[in-house]
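The block underneath contains the structure these notes are about, expressed in structure tokens.
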Amino acid sequence: MKAKKVIIIGAGIVGYSTAYFLNKSGCEVTILEQTDGNNNCSYGNAGYVSPSHLVPLASPGIISQGLKWMLNKRSPFYIKPKLDLDLIRWVRLFHKASTDKRVKEAIPVLYDLTVKSQKLYEEILETERIEAGYNKSGLLMVCQTAQALHHEEEMVKIAESYGLEASTLTREETEKLDPNVQYNMAGSVFFGCDSWMTPNVFMAKFRELLIERGVDIQYHSTLTDFKIENGKVKAAKTKVAELIADEFIITAGAWSPLLMKRLGIFMPLQGGKGYSFMMENLPSNPKLPSILVEARIATTPMLHGLRIAGTMELAGINHTINQPRIDGIIESLKVAMPSLADYDFSSIRPWAGLRPCTPDGLPYIGRVSSLSNLQVGTGHAMLGWTLGPITGKMLAEEVLGEKASVKSELLKVERYN
């Protein structure tokens, strides 16, 4: 059978993973990327590979909590007030999805996706001999209050019901597990099933590997339109060329719905801006990554320092740094980790990225019914890094006519049409 020619739009972890599996199967792969490919969400994230994250963003109580946070300019969550019909519709769908029933339906799907994706990462790292600081020592959910700790204990029960390593730790047990850091806490939850790495290092080496194996990555190549013939995408048009292929795959993150609109397809998705920065030259890095639960801040010991990441800001498609959000992260960090209070934060260089967020907290993965050779892989919210390999694998399997690693109606691209 003649090898298929595939065009992928978007050079993040999902696009790279899709290209990797297709290339291994003999397909001719071209990736189109509108930027230089060095500053998307796959580079500045917390680097977690987290099977523990089984509850979707849309869950009971999140709306009321979000409304409280909205009153604080430095809170972990913010929606910029504006008359935007797409945003209004998204919020209504998000509210509708935030039910116990919907969460219970989503959990087994997220379990399959996260566990299989972690295994794929480990296979890629070992097979391709990529060194990116991968560590499978677990993740701490650090709670300042007993109330927060009690809530996280519910997550332990869910994780344990799926056979994942999880436990509740006292303050003393947490300090023994990671003596390199001082937390202001009542206790913590430890997910021994989780792992992490330095994502920008992995992405750079993954890109080199793809290029060496013949994947054509065209940076600064903006898609302007599609050419449609007989219910199929015939070509992808850029400012300088018209590229013909057998299959087309959109993995453009928060920009994906803009491309889908050109095809007349409604796919509700909002870019949830998150911020991160590196803290370098610390006396000692924590041994384990942690999520500071009340502040919704992630800390990750990486190859070149400690990465701090946090906030969820719905403010349209832009990378503008909102300084009060950065100040809020720093203030919360000083309270939760007192040993960092004297750090000179004037030297940090804040980064912003847009997490693609669906209304129900589950990604869009699969074919578009109206165009037989078009697929989409986006909408992973804060699990983009975790779910990159499994999403790429599933998209490649569909192109190759293979059995899907994970199959669920909850992941359908057109579930809101």
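Quick note: residue numbers are just sequence positions, from 1.
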Rounded to the nearest 0.5 Å, what's the gap from [atom1] on [X] to [atom2] on [Y]? Could you check?
{"X": "Leu282", "Y": "Leu340", "atom1": "CG", "atom2": "CG", "answer": "6.5 Å"}
{"X": "Glu175", "Y": "Leu169", "atom1": "CD", "atom2": "CG", "answer": "11.0 Å"}
{"X": "Tyr43", "Y": "Asn40", "atom1": "OH", "atom2": "CG", "answer": "6.0 Å"}
{"X": "Gln270", "Y": "Arg355", "atom1": "CD", "atom2": "CZ", "answer": "14.0 Å"}

Just wondering, do [Y] and [X] contact through their side chains at under 4.5 Å, heavy atoms?
{"X": "Thr320", "Y": "Lys273", "value": "yes"}
{"X": "Leu210", "Y": "Tyr20", "value": "yes"}
{"X": "Leu306", "Y": "Met278", "value": "no"}
{"X": "Arg307", "Y": "Pro199", "value": "yes"}

Residues in side chain to side chain contact (heavy atoms under 4.5 Å, CB included) with [X], at least two apart?
{"X": "Ser408", "value": "Val109, Leu410, Leu411"}
{"X": "Pro56", "value": "Val103, Ala106, Leu110"}
{"X": "Met141", "value": "Leu139, Glu152, Val189, Phe191, Ile291, Val293"}
{"X": "Thr127", "value": "none"}

**Request:** Please step through side-chain contact (heavy atoms from CB on, under 4.5 Å) for the pair Trp196 and Val49, ending with a clear verdict.
**Result:** CA-CA 5 Å; Trp196 78 94; Val49 182; over 6 Å; no

Closest heavy-atom pair and its distance - [X], [Y]:
{"X": "Met394", "Y": "Val406", "value": "CE-O, 3.2 Å"}
{"X": "Met267", "Y": "Tyr364", "value": "CG-CE1, 3.4 Å"}
{"X": "Val399", "Y": "Lys4", "value": "O-NZ, 3.1 Å"}
{"X": "Met312", "Y": "Cys357", "value": "CE-SG, 3.8 Å"}

**CA sep, side-chain torsions, deciding dist, call: Tyr162, Val115, side-chain contact (heavy atoms from CB on, under 4.5 Å)** = CA-CA 10 Å; Tyr162 283 89; Val115 169; over 6 Å; no

Is it true that [Y] and [X] share a donor-acceptor pair across their side chains at a distance under 3.5 Å?
{"X": "Thr386", "Y": "Thr114", "value": "no"}
{"X": "Glu33", "Y": "Thr35", "value": "yes"}
{"X": "Ser290", "Y": "Tyr183", "value": "yes"}
{"X": "His304", "Y": "Thr198", "value": "no"}
{"X": "Arg171", "Y": "Asn184", "value": "no"}
{"X": "Gln34", "Y": "Ser221", "value": "no"}

A quick test of your reading: do over 12 heavy atoms of other residues, nucleotides or ligands sit less than 6.0 Å from [atom1] of [X]?
{"X": "Gln147", "atom1": "CD", "answer": "no"}
{"X": "Arg92", "atom1": "CZ", "answer": "no"}
{"X": "Glu28", "atom1": "CD", "answer": "no"}

**Prompt:** Between Arg89 and Phe266, is NZ or CZ placed under 6.0 angstrom from the six-membered ring centre and within 45° of the ring axis?
**Reply:** yes

**Asked** Is there a donor-acceptor contact under 3.5 Å from the side chain of Thr378 to the main chain of Gly253?
**Response** yes

For [X], give me all partners under side chain to side chain donor-acceptor pair (under 3.5 Å), at least two apart in sequence or on another chain.
{"X": "Glu313", "value": "Tyr275"}
{"X": "Arg102", "value": "Asp360"}
{"X": "His53", "value": "none"}
{"X": "Gln323", "value": "Asp327"}

**Message:** Using the rule given for side-chain contact (heavy atoms from CB on, under 4.5 Å), can you reason through Thr174 versus Met185, listing the C-alpha separation, both sets of side-chain angles and the distance that settles it, and then say yes or no?
**Reply:** CA-CA 9 Å; Thr174 307; Met185 63 177 162; 3.5 Å; yes

**Request:** Would you check if the distance from the ring center of Phe202 to the ring center of Trp385 is below 6.0 Å?
**Result:**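 They qualify: ring centres under 6.0 Å apart.
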
**Pairs involving residues 227-245, ordered by first then second residue, that meet side chain to side chain donor-acceptor pair (under 3.5 Å) (sequence neighbours left out)** =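 For residues 227-245: none.
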
**Asked** Tell me the side chain to side chain donor-acceptor pair (under 3.5 Å) pairs involving residues 251-267, sequence neighbours left out?
**Response**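 The answer is Asp86-Lys261.
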
**Message:** Suppose the criterion is ring pair (Phe, Tyr, Trp, His ring centres under 6.0 Å): which pairs have a residue in residues 130-156, not counting sequence neighbours?
**Reply:**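 Output for this query is empty, none listed.
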
**Prompt:** Salt bridge between Lys157 and Glu160, side-chain N to carboxylate O under 4.0 Å?
**Reply:** no

**Message:** Check Arg367 with Glu398, please: is the shortest side-chain N to carboxylate O separation under 4.0 Å?
**Reply:**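 Salt bridge between Glu398 and Arg367, a charged N being under 4.0 Å from a carboxylate O: yes.
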
**Message:** Tell me which pairs pass salt bridge (Lys or Arg N to Asp or Glu O under 4.0 Å) where either residue lies in residues 105-124, with sequence neighbours left out.
**Reply:** Lys101-Glu105, Glu122-Lys136

**Request:** Could you please spell out the steps behind the side-chain contact (heavy atoms from CB on, under 4.5 Å) verdict for Val29 and Asp216?
**Result:** CA-CA 6 Å; Val29 182; Asp216 179 18; over 6 Å; no

**Prompt:** side chain to side chain contact (heavy atoms under 4.5 Å, CB included) with Tyr16: which of Val215, Ile217, Ile8?
**Reply:** Ile217

**Prompt:** Under 30°, 30 to 60°, or over 60°: which ring-plane class applies to Phe94 and Trp90, parallel, tilted or perpendicular?
**Reply:** parallel

